[in-house]
Protein chains: 2
Amino acid sequence: MQEIASEAGVNQALLHYYFRSKERLSAAVFQQIASRIFPALAQTLGADISLDEKIGRLIAIYLDNLSQNRFVPGYLISELHHHPERVEQLLSGALGADPGLVMPAVVRSLERQINDGVRAGVLRPIKAQQFVINLISLCIFPFAARPMLSIVFGMDDAAFDRFIDQRRKELPEFVRSALRP
Amino acid sequence: MQEIASEAGVNQALLHYYFRSKERLSAAVFQQIASRIFPALAQTLGADISLDEKIGRLIAIYLDNLSQNRFVPGYLISELHHHPERVEQLLSGALGADPGLVMPAVVRSLERQINDGVRAGVLRPIKAQQFVINLISLCIFPFAARPMLSIVFGMDDAAFDRFIDQRRKELPEFVRSALRP
DNA sequence: GTCTATATTTCGATAGAC
DNA sequence: GTCTATCGAAATATAGAC
């Protein structure tokens with residue numbers, strides 16, 4: 001709390017005045033972040049566009065967004081790890097809906113789109129759920145593991161920027177190729 | 001500390017007797033985990049086997065290992081996030097070597113292997129570093145994000161097990177297909 | 001080495017002046 | 001609304017008996 005207050009240029013008392021407790025401040029942060037990340041995912045995957053287009057848009061959105069909020073994936077995963085029992089309530093607050101309803105619907109519509117592609121001979125059969133999780137894994141993980149990648153691959157900040165730029169270009173083709181028969 | 005001591009069937013005082021401080025206990029845990037995860041990665045990627053074989057082995061090793069230690073990715077990323085300044089020292093302690101030297105060598109040898117495949121017309125050009133990070137992203141992220149996936153996709157423990165089982169079968173072909181021209 | 005009891009520090013939260 | 005000063009709880013670390 002002291003660290004947050006300092007960075008905000010105020011003191012702990014003021015943080016408590018606004019958020020009432022550390023847990024509520026934490027929830028506010030989590031929900032603000034989640035409400036930016038999830039709707040974009042569901043909206044893009046559920047849009048009436050080609051699968052290649054969805055892949056391109058999603059990767060662009062996530063890499064751009066996370067480049068400017070590098071701490072977000074690490075923070076989110078840390079919160080998931082330390083307070084898994086709070087996640088459901090936090091998510092439903094962030095989405096304004098039952099979090100267990102949105103994605104399964106998206107997955108079912110994706111499943112149809114994939115099946116169409118398989119019948120047309122342009123796609124390899126793959127479970128839609130696995131595909132979605134592959135896509136977000138490839139986008140989010142490098143940011144979450146950034147401190148380790150930086151050391152293991154000797155990347156400073158500039159090198160990590162270049163790495164992500166390269167990823168913006170290469171990742172869409174990687175995923176599209178993965179889906180081809 | 002109390003929680004750890006209880007689970008271990010001892011008390012806090014004994015933890016301090018062995019580890020001297022919370023930070024040192026934390027470092028011991030981190031290093032033990034890191035020393036299991038990284039050598040397997042470098043060893044497999046550096047082995048004298050085909051790329052397809054490397055992909056298959058790595059995915060099998062990681063998914064098997066993480067299935068039995070589900071908390072590890074979340075814990076590691078949480079530690080990276082909260083104490084990034086300690087990571088370098090912890091890693092060098094875990095590897096018994098400069099952590100910045102091992103992977104770049106592996107990447108260079110992979111780069112050669114990929115270039116050979118590209119010349120032979122069986123591989124798409126891809127940066128070895130991107131490939132390695134794609135591979136570990138796909139293996140590790142689902143475990144790190146598990147509490148969220150569980151809620152968003154409505155997975156209980158058994159469903160998550162099935163999800164990982166399915167992944168064991170599908171992921172190798174996903175990655176191999178991604179590399180084909 | 002292992003315990004109980006206790007000291008010390010840290011941190012979240014509140015009181016009260018302005 | 002915002003601050004300083006302080007309380008009280010919790011957690012880390014240590015002392016000392018066995």
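Convention: sequence-line order gives letters A, B, ...; per-chain numbering from 1.
- In terms of phosphate contacts, N11(A) brings a side-chain nitrogen or oxygen within less than 4.0 Å of OP1 or OP2 of dT4(D).
- Comparing dT2(D), dG1(C), dA15(C) against the side chain of Y17(B) picks out dG1(C) as the nearest.
- Closest to the K22(A) side chain, of the nucleotides dT2(D), dT2(C), dA13(C), is dA13(C).
- Among the candidates Q2(B), K22(B), E3(B), the single residue satisfying the side-chain hydrogen bond (donor to acceptor under 3.5 Å, both in side chains) test with Q12(B) is Q2(B).
- In the model, Q113(B) has no side-chain atom that pairs as donor or acceptor with a side-chain atom of S109(B) under 3.5 Å.
- Side chains of S78(A) and H82(B): a donor-acceptor N/O pair is present below 3.5 angstrom, by distance only.
- The distance from the CD atom of Q130(B) to the CG atom of L171(A) is 7.5 Å, given to the nearest 0.5 Å.
- In the set dC3(D), dA13(D), dG1(D), the nucleotide with an atom closest to the side chain of Y18(A) is dG1(D).
- Of all nucleotides listed (dT12(D), dT2(C), dA13(C)), dT12(D) comes nearest to the side chain of Q12(B).
- A residue-by-residue look at M1(B) and A13(A) shows that A13(A) has its nearest nucleotide of DNA chain D further toward the 5' end.
- Closest to the side chain of H16(B), from the set dA13(D), dT4(C), dT2(D), is dA13(D).
- Rounded to whole Å, the distance from CG on L15(B) to P on dT14(D) is 13 Å.
- What separates CG of L25(B) from C1' of dA11(D) is a distance of 14 Å, to the nearest Å.
- Remark: P of dG12(C) and CD of E3(A) are 10 Å apart, rounded to the nearest angstrom.
- The CD-P distance, from Q2(A) to dC11(C), rounds to 9 Å in whole Å.
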